[in-house]
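Note that these values count all heavy atoms, side chains included, but never hydrogens, waters or copies made by symmetry.
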Amino acid sequence: MDELKRLKTSRLERTTAVLRLTTAIGVKTALRLATKRFGDEGSRATRWDAFLREQADYLADELGKLKGGIMKAGQMLAVYGEHFFPPEVNVLLRRLHADTAPVAFAVVDQALRSEIGQELRSQLQVEPEPFAAASIGQVHRARWSKEPKELALKIQYPGVAAAIDADLARLRTILGVLRLVPSGPAFDAIFTEVRAMLHREVDYERELAALLATRARLSTDPRFVVPRPIPALSTGRVLALELETGQRVDGPEVQALPQARRDRLGSVILELFFQEFFVWRVVQTDPHFGNYAIRLVQGERDDQWILYDFGAVREFPPDFLRTYYTLIHAGLTEDRGAYETAATNLKILRSDDSVDVKRLMYDLGRLVLEPFSSDEPYDWGGSDLPRRVVDRGLALLGSRPRAPAEELVFLDRKLAGVFTLLSTLKARIAGRAMLCEHLARHGFVVP
């Protein structure tokens, strides 16, 4: 993938680029809508889906060239997809998660010099080739004359933070041109939340604080590695860490491990999520594979999970958690009345929903809890649960789009990510006892 030689950082450049993109999409959409009425219903739907997929690829490529908040906001909106948007919008937004071109080292190096100063920069040897690239920044390996170990420098692209609000407005315009975005207070609230999250994610000082808190919590647990930060080289736009490397979860080395070893790795990562959710009340809500690695050692019981990226760490309020614990307990004990009450409090049900919708929601909740419904090991890799959950969710979406409590949306993303990690490991583990133990500590006893 070719690197970007420069970034469009000025308001005029970004506005002009988005205007050109919006016009192109608008013309194509108008032409497609004009011909949409021709043919039978099945062929019209097929052509419309193909058109939207084509626009999704085009949009992802063009926004990838802009980088920054407009790309990251699209990725964040995809989190809301299954709750709020029709399937065709989800297709478009999920495409924004694809890899994008890295930015030329000269551009990133200029940002680094601006943040840490010329004196510190002169003490660093930085590899020009990025170790990883994303929407708001990229990571480079480096060596510092004052540190014996190799470092990872997470460097934010210039102008990203300042352009967040304008980028959000631009993205909303693009989605509006495609005539796929719902309107109303609920959608306004979603954009407000995404704006707040973007401002948090570009604040690397906040991420550093979250990283240090996680290091402290796991300091006595040898199963986890949280990279040691280098505060002297870290700023609000640069995060310097001791480089910790391992194998990808989906890499051949991990996939070739014996079943028992993969099962243990799966149990450890599931237990970490329960610790976050039930004990710390602080959850890393971005389960992207790039945020994890596995360090394999000779003795399998010494294998370690390496945890990267704490920009999406979210603290959940006690009232929300208490309601969510009630929801889980009601689902496990098949208490439909308590489940519906908790679901209404979480805004995933409405008081005027029909009996059929309430039944669908209850069935969906029971389905999500399937891996914890038995004391027997669950075959995470062989399960088609995600497909069944999506099918049931689409049936619900057809009744009326709904915007649940914002905390729920990002917790759902984490849950889906944990399932994907366990599925990729092809783990066969039972999680019911672990879940019930944590629930019991909060007063929710499952017989």
task = Check the side chains of Glu370 and Tyr378 for a donor-acceptor pair under 3.5 angstrom, ignoring hydrogens and angles.
result = yes
key: Nearest-0.5 Å distance, OG1 of residue Thr214 to CG of residue Leu218   = 6.5 Å
key: Polar contact flag, side-chain donor to acceptor under 3.5 angstrom, Gln247-Arg295   = no
key: Salt bridge Arg248-Glu253, side-chain N to carboxylate O under 4.0 Å   = no
inquiry  = Quick check against the 3.5 Å criterion: does Ser383 have a side-chain atom that pairs as donor or acceptor with the backbone of Trp380?
reply    = no
query = Cut-off 3.5 Å, side chains only: do Arg262 and Gln259 have a donor facing an acceptor?
reply = yes
key: Atom CD of Gln118: over 12 foreign heavy atoms under 6.0 Å   = yes
message = Going by side chain to side chain donor-acceptor pair (under 3.5 Å), name the pairs with one or both residues in residues 415-429, residues two or more places apart or in two chains.
response = Gln255-Lys426
request  = Drop me the distance from Glu207's CD to Leu239's CG, to the nearest 0.5 angstrom.
outcome  = 5.0 Å
Residue pairs fulfilling salt bridge (charged side-chain N to carboxylate O under 4.0 Å, His left out) with at least one residue in residues 228-238, sequence neighbours excluded = Glu147-Arg228, Arg228-Glu242
request  = Output yes when Glu127 and Arg143 qualify as a salt bridge under the 4.0 Å nitrogen-oxygen rule, no when they do not.
outcome  = no
inquiry  = Do His140 and Asp109 pair up side chain to side chain, a donor and an acceptor below 3.5 Å, judged on atom types alone?
reply    = no
task = Take Ile164 and Leu198 through the side chain to side chain contact (heavy atoms under 4.5 Å, CB included) test and state the conclusion after the steps.
result = CA-CA 7 Å; Ile164 285 175; Leu198 273 172; 3.9 Å; yes
query = Would you say the ring centroid of Tyr325 lies under 6.0 angstrom from that of Phe277?
reply = yes
query = Would a distance-only check, ignoring hydrogens and angles, find a side-chain to backbone donor-acceptor pair under 3.5 Å from Trp305 to Arg223?
reply = no
ask   = Using 4.0 Å as the upper bound for N to carboxylate O, is an ion pair formed by Asp165 and Arg195?
value = yes
inquiry  = Using a strict threshold of under 4.0 Å (side-chain N to carboxylate O), is an ion pair present between Glu376 and Arg432?
reply    = no
key: Salt bridge Lys414-Glu276, side-chain N to carboxylate O under 4.0 Å   = yes
key: Under-4.0 Å salt bridge between Arg200 and Asp203   = no
ask   = Under the side chain to side chain contact (heavy atoms under 4.5 Å, CB included) criterion, do Gln284 and Leu307 qualify, and how do the steps go?
value = CA-CA 10 Å; Gln284 199 282 73; Leu307 310 179; over 6 Å; no
ask   = So, Tyr308 and Glu244: side-chain donor and acceptor under 3.5 Å apart, yes or no?
value = no
